[in-house]
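Within every chain, numbering begins at 1; the chains are lettered A, B, ... in the order of the sequence lines, protein sequences first and strands thereafter.
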Number of protein chains: 2
Amino acid sequence: MAKKQVTFADIAEYTGFSKTTISRYFNHPDSLTLENQEKIAKALDELGYRKNKLARVLANGKSEFVGIIVPNLYLHYYSEMLTQLLRSYSDYHYKFLVFVSDGGPEKEMQYLDELMAYKIEGLIVLSHTLSSEKLASYNIPVIAIEREAEHICSVTTDNYMGGMQATSLLIRNQCDVLIHINVHVPENIPAYDRIRAFEETCREYHVPYELNLNVSGDSYQELFEQMRVIFQDIDSKYSGQKKGIFLSNDTYANMFLNLIFQKYNCLPDEYQIIGFDDSPIAAESIIPITTVGQQIDVIAQTTMELLVEQMNEMKKRKPAPLQKPIHKKITPVLIRRQTTGD
Amino acid sequence: MAKKQVTFADIAEYTGFSKTTISRYFNHPDSLTLENQEKIAKALDELGYRKNKLARVLANGKSEFVGIIVPNLYLHYYSEMLTQLLRSYSDYHYKFLVFVSDGGPEKEMQYLDELMAYKIEGLIVLSHTLSSEKLASYNIPVIAIEREAEHICSVTTDNYMGGMQATSLLIRNQCDVLIHINVHVPENIPAYDRIRAFEETCREYHVPYELNLNVSGDSYQELFEQMRVIFQDIDSKYSGQKKGIFLSNDTYANMFLNLIFQKYNCLPDEYQIIGFDDSPIAAESIIPITTVGQQIDVIAQTTMELLVEQMNEMKKRKPAPLQKPIHKKITPVLIRRQTTGD
DNA sequence: TTGTATGCGTTATCAA
DNA sequence: TTGATAACGCATACAA
């Protein structure tokens, strides 16, 4: 606030119109004669007017703010999703208030308080910290992305399809035994379907399989050492058999691949590897890794469409909020590279 | 705006106090008796009051908004920087309006317009799209991170130091010839100092060197194919000599390493490799890559300190904006891993 | 310690 | 097509 702002009052005085007319110049320009429009435009320029959208929000209640809560940006999946969401500014002109959720439920509720205090019109949640029940209680449109969403709308990858695509490929490629490596995944989050799909597909085709859901750890090093143990176990246990390894993400897949290389200096025919996410690492690894690519752009776009629709609904005189949450699934794409034969 | 908001007027009526007193409860609670504080707290709770910070901004002029313009979140450097900046919410309670700048100068000026309309108190710019002169003209505190910043404050990695650390290590490790691989970097941006440092250090120690600043390309594949040509050239040209390769980022370093592996199945003693950034890929590669780590957390923290100081200055009755921009350099850290001997 | 009056910059309502 | 006036919700002189 170096110098006082130029306001509608100033423009009004300068042009001889009323404040109302200046306001109309912005909101209903057609109701002014072209001549007067130009007069005002000229005055705006000469006085160096700058909009104050905060005052506008106070007057009409439309903040054009959307809140985003994301767990981190370390994972490519999240940073890419955030990018795509932010990009939607071009289409909808919603502004995004972004919080990284890394402090547990209390912190996250504080973020939500802050967002509500700034009168966000809608919310996009990627973190898993708060229950969908809690989120629903804020009474604004909420879309969950790839998380538990019993009481709110959601957009997720079709994880079952993804898991099935990966598993089927390994089976088609004549693997003797399939192994799925993952962290422990609660049954109520979408990614659990990858495990279900793996298991059910293996059974359907009567292919021997093993589930290893014990991965855990905070640092890359910890995870890598765990993976080393898992690798050694598998490598000796199934020696001589053709092994199809389906890992829950590309980082794990890359670790596994590196471990194989450390031992064999190449990817032997008796190993096939598939990751998940189509992260950069899958392309940058020592051998490009076959992976299941989530259509992040489509997910982001679907999210915004769903959200905008509901935010528009809320602006009507008699809003009719959704009775039941809408859940959308986006089909992933199998990206065949060099770790699954040629 | 489902039901009408609960406002200070409602609380005032309910408690028998005036609106002013309710306002004071939030802004100068000490001026109320404990008893009355509790009364008001109770009323707030019972009526389900929710703050409206937008109204507050209109009244006192402090939006607590900071704008961020970032080129992309694809590069780990940017996503990590954004994370660290967003994290500073815990310390300063500034809210961040984030834009991804991918549409050229016109788009970016549109973003700035929008940010100004929301009365941001300060701006953090990581994109290179607009000149520092243009940015300075907005008359709000601006901090540039790792970019041209003649007319505005900036925080950058000490690129010269980083380049020198990398080059020195290769020299200490008895390399016969040093090669620096980079894109073409304009001289006025901070990263140019890496090249300067490389060249000057090589000269100082009378070590033969080569600069290759021809890397360019949009996709990973394009870049990789270019890198293949560069590798083959170097591999034959300096056959038998111990080569120290300093690459401008870890992605390039990883490509180079993979190319070496494709040919030799290992990292021969006659190759030493150093990247830059300490991105995840440097740790996840087939052999962990030695790299120069930027202290992103320190950069973010320094940025916020600098910005907050100036934003506070602007709130004084007689603000004294900086006469000359302040430029801070943050020392990087050499991270020795397995691509530079043991 | 508390209240009154006014302002912040815009939009909405109602008239003209 | 234009204008006067009252919101919007909160903060701050100034008084008491």
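- The closest side-chain heavy-atom distance from A:Gln310 to A:Leu322 is below 4.5 Å.
- Of the residues in residues 35-51 of chain B, those lying under 4.0 Å from DNA chain D by heavy-atom distance are B:Tyr49.
- Under the side chain to side chain donor-acceptor pair (under 3.5 Å) criterion, A:Ser63 pairs with no residue, sequence neighbours left out.
- Every side chain to side chain donor-acceptor pair (under 3.5 Å) that A:Asn36 has, sequence neighbours left out, goes to A:Thr33.
- Within 6.0 Å of atom CD in A:Glu309, 12 or fewer heavy atoms from other residues, nucleotides or ligands are found, so the atom counts as exposed in its surroundings.
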- Query: For every nucleotide of nucleotides 11-16 of chain D, 5' to 3': is a protein heavy atom under 4.0 Å from its base (B), only from its sugar-phosphate (S), or from neither (-)?
  - Reply: BBB---
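- Judged as a ring-ring contact (aromatic ring centres under 6.0 Å, His included), the pairs with a partner in residues 32-62 of chain B (not counting sequence neighbours) are, in order, B:Phe8-B:Tyr49, B:Phe26-B:Tyr49.
- Extent of DNA chain C lying under 4.0 Å from chain B heavy atoms, first and last nucleotide in 5' to 3' order, is C:dT1 to C:dG9.
- Straight-line distance from the NZ atom of B:Lys53 to the C1' atom of D:dC10: 13 Å, rounded to whole Å.
- Pairs passing the side-chain hydrogen bond (donor to acceptor under 3.5 Å, both in side chains) check and including a residue from residues 295-308 of chain A, sequence neighbours excluded, read A:Gln301-A:Glu305.
- B:Ser131 is linked by a side chain to side chain donor-acceptor pair (under 3.5 Å) to nothing, counting only residues two or more places apart in sequence or in another chain.
- Between A:Tyr25 and A:Leu32 the shortest side-chain heavy-atom distance falls below 4.5 Å.
- Residue A:Glu313 qualifies as enclosed at atom CD: its count of foreign heavy atoms under 6.0 Å is above 12.
- Helix bend of the helix from C:dT1-D:dA16 to C:dA16-D:dT1: the angle between its two end axes, each built from five pairs, comes to 30° after rounding to 10°.
- Looking at heavy-atom distances under 4.0 Å, B:Ser18 makes contact with a base.
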Determine all donor-acceptor pairs shorter than 3.5 Å in which one atom belongs to a side chain in residues 74-82 of chain A; sequence neighbours excluded.
residue	atom	partner	partner atom	Å
A:Ser79	OG	A:His76	O	3.2
A:Glu80	OE2	A:Gln84	NE2	2.8

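- Residues satisfying the side chain to side chain donor-acceptor pair (under 3.5 Å) criterion with B:His151, sequence neighbours excluded, are absent altogether.
- When each of A:Lys95, A:Arg50, A:Lys51, A:Lys53 is checked for a salt bridge (Lys or Arg N to Asp or Glu O under 4.0 Å) with B:Asp113, only A:Arg50 meets the rule.
- A:Leu54 comes within contact range of no nucleotide atom at all, as no heavy-atom separation falls under 4.0 Å.
- Annotation: ring-ring contact (aromatic ring centres under 6.0 Å, His included) contacts involving residues 104-123 of chain A, sequence neighbours excluded, comprise A:Phe99-A:Tyr111, A:Tyr111-B:Tyr89, A:Tyr118-B:Phe65.
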